[in-house]
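A note on names: the letters A, B, ... follow the listed sequences, proteins ahead of strands, and every chain is numbered from 1. Quick caveat: nothing in here was measured; it's all calculated off a predicted structure.
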There are 2 protein chains.
Amino acid sequence: MNPGTPNLAAPAAPPADLAARLKALADPARLAIVAFLREPQADCCSRGDGVCGCDLEGVLELSQPTVSHHMKVLVEAGLVHAERRGRWVYYELDTSALEALSEDLRRLGHVAPVLSRPTDRPGSTGKG
Amino acid sequence: MNPGTPNLAAPAAPPADLAARLKALADPARLAIVAFLREPQADCCSRGDGVCGCDLEGVLELSQPTVSHHMKVLVEAGLVHAERRGRWVYYELDTSALEALSEDLRRLGHVAPVLSRPTDRPGSTGKG
DNA sequence: TCCATCTATTGACGAACATCGATACGTCGA
DNA sequence: TCGACGTATCGATGTTCGTCAATAGATGGA
């Protein structure tokens, strides 16, 4: 079932996946993960180019399956990249994706510099 | 049970209420509400300085209690202001709150311009 | 090959959430 | 005062979410 864009073409409707990306971050645990990915304090096997999952468990005080679940959510939202190296999986923050999300939020607050300005609205001659 | 801040003092932990503010926006209906508040197409009683709840019902195709619930969430998150005028309640987007949220997200992606810059990082001499 | 280690998946459980119908509250006009 | 109208709250319901224990999968070393 693809609802598609509804009958009204919103002037500058938020991206369809914006809610999903926000939801991926709207959790204290995942927020803590992102904050840690930004400035990892190497503990067992993390390096400059990534943080391994085992380090996250210790920092977050969460079980391994829970951490794995949260990482999956973040990766599927495109906010974090995962790369397997041997036994470990190294996670890296996608700063550009985060910046894009920030920008989408900023656009929500301002009247968007509409990309293709149509003629103009047919006037709200509706019932007053 | 208040876990409080864990043993480690994160270098630049995200604001405590960031998850709550993100959660308030992490819903397609509320995202649509915000987008509509930004560029209201007056229908019944909305004006330049606010949108009344009855207009939102029509746009969102949601029941009145549901709309009222969503507005409460947005107001409590500080993203929307509500003002009663007679029978109606006019809602207005708090663009500065939205911008602050955007900025908090941007900070998540970059190594924060730490407020109190300590000496400097002692290089990652961690055990590899 | 076998074992240790790290990660992903499954299944279950309780909490939180989105939604609605019914109803109470507040305000305006007759 | 009373009815109409917009809004808020309550109670119920089905869904989603966060969490964990158990288990399977993947990888490297002995």
Side-chain angles (χ1 to χ4, degrees), chain A residues 1 3 17 19-34 37 42-47 50-77 80-92 127-128, chain B residues 1 3 6 17 19-34 37 40 42-47 50-77 80-92 127-128:
Chain A
M1 291 160 264
D17 64 334
R21 282 180 290 154
L22 288 172
K23 190 170 294 187
L25 279 184
D27 179 90
R30 290 195 287 271
L31 227 36
I33 289 173
V34 169
L37 290 183
D43 190 14
C44 90
C45 37
S46 298
R47 317 234 176 148
V51 168
C52 74
C54 49
D55 273 348
L56 288 170
E57 290 175 45
V59 172
L60 301 172
E61 300 180 359
L62 287 175
S63 72
Q64 182 270 322
T66 300
V67 170
S68 181
H69 162 69
H70 284 312
M71 298 318 297
K72 186 179 182 182
V73 171
L74 288 172
V75 167
E76 287 182 346
V80 166
H81 292 301
E83 182 191 357
R84 175 153 223 140
R85 287 184 230 156
R87 256 175 295 197
W88 299 276
V89 173
Y90 284 81
Y91 298 100
E92 199 168 358
K127 59 190 172 78
Chain B
M1 287 161 265
D17 65 335
R21 282 180 289 154
L22 288 172
K23 190 170 294 185
L25 279 183
D27 179 272
R30 289 195 287 271
L31 226 38
I33 289 173
V34 169
L37 289 183
D43 192 11
C44 89
C45 36
S46 299
R47 319 235 175 145
V51 168
C52 75
C54 49
D55 273 349
L56 288 169
E57 291 175 43
V59 171
L60 301 172
E61 298 180 0
L62 288 175
S63 71
Q64 182 269 324
T66 301
V67 170
S68 180
H69 161 69
H70 284 313
M71 297 319 295
K72 186 179 182 182
V73 171
L74 288 172
V75 167
E76 287 183 345
V80 167
H81 291 301
E83 181 191 357
R84 177 155 220 137
R85 286 184 231 157
R87 255 174 297 195
W88 299 277
V89 173
Y90 284 80
Y91 298 100
E92 198 169 358
K127 58 190 174 74

*Specify the separation, in whole Å, of atom NZ of B:K23 and atom C1' of D:dC17.*
9 Å
*Sub-4.5 Å side-chain heavy-atom contact between B:L37 and B:Y91*: yes
_Does the protein touch nucleotides 21-30 of chain D at the base, only the backbone, or not at all? Give it as B, S and - per nucleotide, heavy atoms under 4.0 Å._
BB----BS--
*Please list, chain by chain and in numerical order, all residues satisfying side chain to side chain contact (heavy atoms under 4.5 Å, CB included) with A:V67, sequence neighbours excluded.*
A:L56, A:E57, A:L60, A:L62, A:M71
*For the pair A:D27 (side chain) and A:R30 (backbone), establish whether a donor and an acceptor sit closer than 3.5 Å, ignoring hydrogens and angles.*
yes
*Mind calculating the distance between CG (B:L56) and C1' (D:dG6) to the nearest angstrom?*
13 Å
_Atom pair distance, as rounded to whole Å: NE2 in B:H69 and C1' in C:dC17_ = 7 Å
*Rounded to the nearest angstrom, tell me the gap between atom CD in B:E83 and atom P in C:dT27.*
14 Å
*asked:* Quick one: does any side-chain atom of A:R84 pair with a main-chain N or O of A:G86 as donor and acceptor, under 3.5 Å?
replied: yes
*Got A:E83 and A:R85 here, is their nearest side-chain heavy-atom distance under 4.5 Å?*
yes
*Starting at atom CD of B:E76, determine the distance to atom C1' of D:dA8, rounded to an integer number of angstrom.*
12 Å
*Please state how far atom CG in B:L62 lies from atom C1' in C:dC20, giving the value in whole angstrom units.*
10 Å
*Is B:H70 near enough to C:dT19 that one of its side-chain N or O atoms lies under 4.0 angstrom from OP1 or OP2?*
yes
*Using a cut-off of strictly less than 4.0 Å, decide whether A:K72 has a side-chain nitrogen or oxygen near OP1 or OP2 of C:dT9.*
yes
*asked:* Any heavy-atom pair between the side chains of A:L31 and B:L22 that's under 4.5 Å?
replied: yes
_I need the CH2-C1' distance between B:W88 and C:dC25, as an integer number of Å._
17 Å
*Value in whole Å for how far the P atom of C:dA8 lies from CE of A:M71*: 9 Å
*Consider the side chain of A:V89, meaning its heavy atoms from C-beta on, and name the nucleotide among C:dT7, D:dT7, C:dA18 that approaches it most closely.*
C:dT7
*asked:* A side-chain contact here means heavy atoms from C-beta on lying under 4.5 Å apart; do B:L25 and B:L74 qualify?
replied: yes
